[in-house]
There are 2 protein chains.
Amino acid sequence: MARKTGSHSEITGPKVRDAALRLFARHGYAAVSMRQIAREVGVQAGALYLYTKDKQSLLFDLMRTHMDELLAAWAATPKGSTPLAQLEDFSRFHIHFHLDRPDAVFIAYMELRNLSDANFATLEALRREYERELERILEAGHAAGMINVPDTRLATMAVIAMLTGVNTWYREGGRLSQDAVADIYWDMVRGAVGA
Amino acid sequence: MARKTGSHSEITGPKVRDAALRLFARHGYAAVSMRQIAREVGVQAGALYLYTKDKQSLLFDLMRTHMDELLAAWAATPKGSTPLAQLEDFSRFHIHFHLDRPDAVFIAYMELRNLSDANFATLEALRREYERELERILEAGHAAGMINVPDTRLATMAVIAMLTGVNTWYREGGRLSQDAVADIYWDMVRGAVGA
DNA sequence: AGATTAACTGAACGATTGTTCAAATAAAAC
DNA sequence: GTTTTATTTGAACAATCGTTCAGTTAATCT
């Protein structure tokens, strides 16, 4: 046997990324072998190298794609006119975006140390870019006297940590909907920044 | 060569745990080999098995010890009489305890998936026990009308995520002392729970 | 000083790792 | 229907993995 019936790179390619995403999130990058990924895809290990240069690139591409999508989705989100409205927009956006892709989020936070130095630097820059979006809002809110925080940078980190934390406990089909969770968290975010 | 001069299990034992803690935190459990740990200790890989049953037990013991120490330290912490004072005590305690052992904290959060089912259950129980401490405070504060949260469970998770998040950016010797950070975060925690 | 015990080495075990590549087969192009 | 191209197999590579154990040496005990 060699080429499979109905096989296409447009089919196998995404399958490889999907399998890698799920397995990396579940067991961790270092604990997952190329053969496990291949088995999940329904292919031999060697075939994976038609779709990725090596294992490291597979991880990096997943993380980079995730961050690109995050920044693009936020950029495309309609925003209110006041800093406070924008803070609410950010909070709701962050929760929904992250709850919709738990595996990618998990990997983005947990596998940074498995990146090569260059790849790590690239991702770190994207992460800072996203944090900077929130920090800008908080700075504007502070200047306008709408919020009250002693340190904008710390408030940025606190809010992001709080919002991302939802991913650790939220389960689809639980007692609260995503919207209900977002409502409650927005209340807490507002309180935390003294608004 | 065999037994080293001046060698003692009371010396090598802690050395093994220290090396494992540092390496696991830095590179991840799955990415660290027993031979790496041994090299760090200054010993051959086989010698590690005098101090641990296997690699899994080494990880579990580190995590279990960390959680035991966390619960013991909180139990030994003097607490205020009102729920609000206790919430402040908890916030400050959490930040200081976690900033003092970044490696252990990192492992406790990142390596849960590398635990066997039984070991995972044990650790999960300890984690819930700690969360429950905060939740009790919030419930009492809510009953006393001192704090205002629509959902105590969510507030618990939000506060813990926010406080633990400090570990991701805090660096000893930075622009803020631990106490200064704790001051600012206590302000934000208080605001988040509507107090 | 001699015997016993604790600590460690060094080699070995089979299993698994990421990766490469010639050969094979299906799909697409002509 | 034939040729070309895209896709995959299956075997092989050296390296490394966790773990065991008989043998060796230092510390301790009598």
Side-chain angles (χ1 to χ4, degrees), chain A residues 1-24 26-63 107 111 113-119, chain B residues 1-21 23-24 26-63 107 111 113-116 118-119:
Chain A
M1 282 170 277
R3 182 168 184 166
K4 305 261 198 82
T5 54
S7 66
H8 259 294
S9 68
E10 294 94 30
I11 295 173
T12 310
K15 266 189 173 181
V16 169
R17 286 185 286 276
D18 285 358
L21 188 77
R22 193 171 51 255
L23 288 172
F24 287 167
R26 191 111 55 217
H27 308 291
Y29 171 75
V32 172
S33 72
M34 294 300 270
R35 285 171 179 82
Q36 278 178 64
I37 298 173
R39 194 182 321 131
E40 199 89 349
V41 175
V43 106
Q44 291 291 324
L48 298 181
Y49 289 84
L50 290 170
Y51 304 98
T52 184
K53 191 177 146 293
D54 50 25
K55 197 188 175 191
Q56 164 81 199
S57 303
L58 188 49
L59 172 64
F60 176 67
D61 287 346
L62 291 174
M63 295 175 80
I107 291 174
E111 304 295 355
R113 59 185 170 188
N114 288 114
L115 255 24
S116 70
D117 289 351
N119 287 345
Chain B
M1 282 168 277
R3 181 167 187 170
K4 307 263 198 82
T5 56
S7 66
H8 259 294
S9 67
E10 293 94 30
I11 296 174
T12 309
K15 266 189 173 181
V16 169
R17 286 185 287 276
D18 285 359
L21 187 78
L23 288 172
F24 287 166
R26 191 113 54 216
H27 309 291
Y29 171 77
V32 172
S33 71
M34 293 300 270
R35 285 173 178 80
Q36 278 177 66
I37 299 172
R39 194 183 321 132
E40 199 90 349
V41 175
V43 106
Q44 291 292 323
L48 297 181
Y49 290 84
L50 290 170
Y51 304 98
T52 184
K53 191 177 147 293
D54 51 24
K55 198 188 175 191
Q56 165 81 201
S57 304
L58 188 50
L59 173 63
F60 176 67
D61 287 346
L62 291 173
M63 296 175 78
I107 291 175
E111 304 294 355
R113 59 186 170 187
N114 288 114
L115 254 26
S116 70
N119 286 346

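Quick caveat: nothing in here was measured; it's all calculated off a predicted structure. Naming: A, B, ... by sequence-line order, numbering from 1 per chain.
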Check your understanding: Whole-Å distance between C/dT20 C1' and A/L48 CG?
Key -> 13 Å
Validation: residues 42-53 of chain A side-chain donor-acceptor distances under 3.5 Å, sequence neighbours left out:
| residue | atom | partner | partner atom | Å |
| --- | --- | --- | --- | --- |
| A/T52 | OG1 | A/D54 | O | 2.9 |
| A/T52 | OG1 | A/L58 | N | 3.3 |

Check your understanding: Of the nucleotides D/dC17, C/dA27, C/dT17, which has the atom closest to the A/T5 side chain?
Key -> C/dA27
Point to revise | A/S9 vs D/dA6: side-chain N/O to OP1/OP2 distance below 4.0 Å | key: no
Practice item. To the nearest Å, give me how far apart CD (B/Q56) and P (D/dG18) are. Key: 13 Å
Check your understanding: Taking only N and O in the side chain of B/T12, is any of them less than 4.0 Å away from OP1 or OP2 of C/dA7?
Key -> no
Exercise for review: Measure the shortest side-chain to side-chain distance between B/L115 and B/M63 over non-hydrogen atoms and say whether it is less than 4.5 angstrom.
Suggested key: yes
Exercise for review: Assess whether side chain to side chain contact (heavy atoms under 4.5 Å, CB included) is satisfied between B/N119 and B/Q56, documenting all intermediate values.
Suggested key: CA-CA 9 Å; B/N119 286 346; B/Q56 165 81 201; 3.1 Å; yes
Review point. For the pair made of CD1 in A/I37 and P in C/dT17, what is the distance, rounded to whole Å?
Key: 11 Å
Exercise for review: Hey, which sits more toward the 5' end of DNA chain C by its nearest nucleotide, A/A47 or B/E10?
Suggested key: B/E10
Study note, to complete from the structure: Checking D/dT8, C/dT19, C/dC8 against the side chain of B/V43 (C-beta onward), the nearest is C/dC8
Check your understanding: Under 4.0 Å: is that the gap between some side-chain N or O of B/Q44 and OP1 or OP2 of C/dC8?
Key -> no
Point to revise | Residue whose nearest DNA chain D nucleotide is more 5′ - A/R35 or A/Y51 | key: A/Y51
Point to revise | Heavy-atom side-chain proximity of A/F24 to A/I37 below 4.5 angstrom | key: yes
Exercise for review: For C/dA26, take OP1 and OP2 only and decide whether either is under 4.0 Å from a side-chain N or O of A/H8.
Suggested key: no
Exercise for review: Report which part of the nucleic acid B/V32 touches: base, sugar-phosphate, or nothing (heavy-atom distance under 4.0 Å, all strands).
Suggested key: sugar-phosphate
Revision key, fill the gap. Among the nucleotides C/dT19, C/dT9, D/dT8, whichever has the atom closest to the side chain of A/Y49 is C/dT19
Check your understanding: D/dT16 phosphate, OP1 or OP2: any side-chain N/O from B/S33 under 4.0 angstrom?
Key -> no
Review point. When you check the phosphate oxygens OP1 and OP2 of D/dT8, does a side-chain N or O of A/K4 lie under 4.0 Å from one of them?
Key: no
